[in-house]
Amino acid sequence: LLQLKLWNKYRVSNIPSLIFIDASTGKVVCRNGLLVIRDDPEGLEFPWGPKPFSEVVAGPLLRNNGQTLDSSALEGSHVGVYFSAHWCPPCRSLTRVLVESYRKIKEAGQKFEILFVSADRSEDSFKQYFSEMPWVAVPYADEARRSRLNRLYGIQGIPTLIVLDSKGDVITRQGRVEVLNDIECREFPWHPKPVLELTDSNAVQLNEGPCLVLFVDSEDDGESEAAKQLIQPIAEKIIAKYKAKEEEA
């Protein structure tokens, strides 16, 4: 039972998995411990706590026309950090949708940029895939920086889209779900909702932590809305409680 609680608490979805915790607070310091010990075998960066996005991403970025720009150009914009690879079919599907979403958000006058962090298996594959993207990327050759970004957000699978606010703080880790559920991008930058209607695309969140699933008669729109109004204040209260403790609900 204790083992199961630990697996659930730290949302472990594959093994081996190594998670570093601050014993004095119980808070997670780093989810991708295996990457940490691979990248820093001497322990020079110990205790491997999270660093600001601006510090981890610092350096030159690429556009697909070969131009470079400094990462400081991202400052003041919402940023989607996009972990993806050409060999992954769900990634290619999401990229096609994301290109349209990016265009719509930019045309609406929003300050938004996407940063591609490649998990491709070769430079040629990266170049082919990146040629389809209108945004910026971490250079493929800069494996250390790509790895640090993976560590920063505890990436365990692709495609993953992390949406950041203009200060570099995480708005949502579920950017993939949000993009697919909001094709017109009306709810950008996709702040998490306390209550969601369960769909094929957002069902992945059932694996992210404790969930309350309320079944209602889908034939009766009135019942569905009444149920939402019933649980909305409860959900808001729970989320506020955990946010005050700086913990995930």
task = With side chain to side chain contact (heavy atoms under 4.5 Å, CB included) as the test, would you mind laying out the steps for Ser147 and Arg38 before giving the verdict?
result = CA-CA 10 Å; Ser147 183; Arg38 187 196 73 182; 3.3 Å; yes

inquiry  = To the nearest 0.5 Å, what is the distance between CD1 on Ile162 and CZ on Arg176?
reply    = 12.5 Å

inquiry  = Tell me whether Glu107 at atom CD has more than 12 heavy atoms from other residues, nucleotides or ligands lying less than 6.0 Å away.
reply    = yes

task = Using a 4.5 Å cut-off on heavy atoms from C-beta on, say whether the side chain of Val195 contacts that of Leu214.
result = no

query = From Tyr140 OH over to Arg121 CZ, what is the distance, rounded to the nearest 0.5 angstrom?
reply = 9.5 Å

request  = Identify the heavy atoms of Val163 and Pro189 that sit nearest to each other, and give their distance.
outcome  = CG1-O, 3.8 Å

Compile the donor-acceptor pairs under 3.5 Å between side chains in residues 89-100 and protein atoms, sequence neighbours left out, one pair per line.
{"from": "Arg92", "atom 1": "NH1", "to": "His86", "atom 2": "O", "distance (Å)": "2.4"}
{"from": "Ser93", "atom 1": "OG", "to": "Pro89", "atom 2": "O", "distance (Å)": "3.3"}
{"from": "Ser93", "atom 1": "OG", "to": "Arg96", "atom 2": "NH2", "distance (Å)": "3.4"}
{"from": "Thr95", "atom 1": "OG1", "to": "Tyr82", "atom 2": "OH", "distance (Å)": "2.7"}
{"from": "Thr95", "atom 1": "OG1", "to": "Cys91", "atom 2": "O", "distance (Å)": "2.9"}
{"from": "Thr95", "atom 1": "OG1", "to": "Tyr129", "atom 2": "OH", "distance (Å)": "2.5"}
{"from": "Glu100", "atom 1": "OE1", "to": "Arg103", "atom 2": "NE", "distance (Å)": "3.2"}
{"from": "Glu100", "atom 1": "OE1", "to": "Arg103", "atom 2": "NH2", "distance (Å)": "2.5"}

query = Would you call Val36 and Phe20 a side-chain contact if the rule is heavy atoms closer than 4.5 Å?
reply = yes

message = Using a 6.0 Å cut-off, check whether atom CG of Asp200 has over 12 heavy atoms from anything other than its own residue.
response = no

message = For residues Ile37 and Ile19: do they belong to one hydrophobic cluster (side chain heavy atoms under 4.5 Å, members Ile, Leu, Val, Met, Phe, Trp, Tyr)?
response = no

request  = Supply the atom-to-atom distance His78 NE2 to Leu164 CG, rounded to the nearest 0.5 angstrom.
outcome  = 9.0 Å

key: Separation of Leu35 CG from Cys30 SG (nearest 0.5 Å)   = 8.0 Å

Residues 41-57 side chain polar contacts: donor-acceptor under 3.5 Å, at least two apart:
{"from": "Glu45", "atom 1": "OE1", "to": "Arg151", "atom 2": "NH2", "distance (Å)": "3.2"}
{"from": "Trp48", "atom 1": "NE1", "to": "Asp40", "atom 2": "OD2", "distance (Å)": "2.8"}

message = Between Arg145 and Pro60, is there a side-chain heavy-atom distance shorter than 4.5 Å?
response = yes

query = Is any side-chain heavy atom of Ser17 less than 4.5 Å from a side-chain heavy atom of Gln156?
reply = yes

request  = Hey, could you give me the CD/CZ distance between Glu178 and Arg173, rounded to the nearest 0.5 Å?
outcome  = 13.5 Å

query = What do you reckon, is CD1 of Ile15 surrounded by more than 12 foreign heavy atoms closer than 6.0 Å?
reply = no

ask   = Does one hydrophobic cluster hold both Ile183 and Ile105, with members joined at side-chain heavy-atom distances below 4.5 Å?
value = yes

query = What residues, two or more places apart in sequence or in another chain, satisfy side-chain contact (heavy atoms from CB on, under 4.5 Å) together with Asn181?
reply = Val177, Thr199, Ser201, Asn202

task = Mind checking the NZ-NZ spacing from Lys245 to Lys241? Nearest 0.5 Å is all I need.
result = 5.0 Å

query = Aromatic rings Phe188 and Trp190: how do their planes relate, parallel, tilted or perpendicular, breaks at 30° and 60°?
reply = perpendicular

Side-chain H-bond candidate by donor/acceptor type, Ser72 with Asp70, under 3.5 Å = yes

message = The test is side chain to side chain contact (heavy atoms under 4.5 Å, CB included); show your working for Ile114 and Val136 and say whether it passes.
response = CA-CA 6 Å; Ile114 293 177; Val136 299; over 6 Å; no

ask   = Where is the tightest heavy-atom contact between Ile239 and Pro194, given as atom of each residue plus distance?
value = CD1-CA, 3.7 Å

ask   = Which pairs count as salt bridge (charged side-chain N to carboxylate O under 4.0 Å, His left out) when at least one residue sits in residues 179-196, sequence neighbours excluded?
value = Lys104-Glu184, Glu187-Lys193

message = Under the rule for salt bridge (Lys or Arg N to Asp or Glu O under 4.0 Å), what residues qualify as partners of Lys167, not counting sequence neighbours?
response = none

inquiry  = Taking Leu161 as the starting point, is it possible to reach Phe130 by hopping between hydrophobic residues whose side chains are less than 4.5 Å apart?
reply    = yes

inquiry  = Distance to the ring centre below 6.0 angstrom and angle to the axis at most 45 degrees; does that hold for Arg31 and Tyr10?
reply    = no

request  = Would you kindly confirm whether Val28 and Leu18 end up in one hydrophobic cluster when ILVMFWY residues are joined by side chain heavy atoms under 4.5 Å apart?
outcome  = no

inquiry  = Heavy-atom count check: over 12 atoms from other residues, nucleotides or ligands less than 6.0 Å from Lys243 NZ?
reply    = no

task = Check whether Ile238 and Val213 end up in the same hydrophobic cluster, where Ile, Leu, Val, Met, Phe, Trp and Tyr are linked by side-chain heavy atoms less than 4.5 Å apart.
result = no

message = Test side chain to side chain contact (heavy atoms under 4.5 Å, CB included) on Val117 and Ile155; report intermediate values, then the result.
response = CA-CA 11 Å; Val117 184; Ile155 302 303; over 6 Å; no

Worked verdict on Val79 versus Trp135 for side chain to side chain contact (heavy atoms under 4.5 Å, CB included) = CA-CA 11 Å; Val79 178; Trp135 45 73; over 6 Å; no

note = For residues 227-239, the salt bridge (charged side-chain N to carboxylate O under 4.0 Å, His left out) pairs (sequence neighbours left out) are none

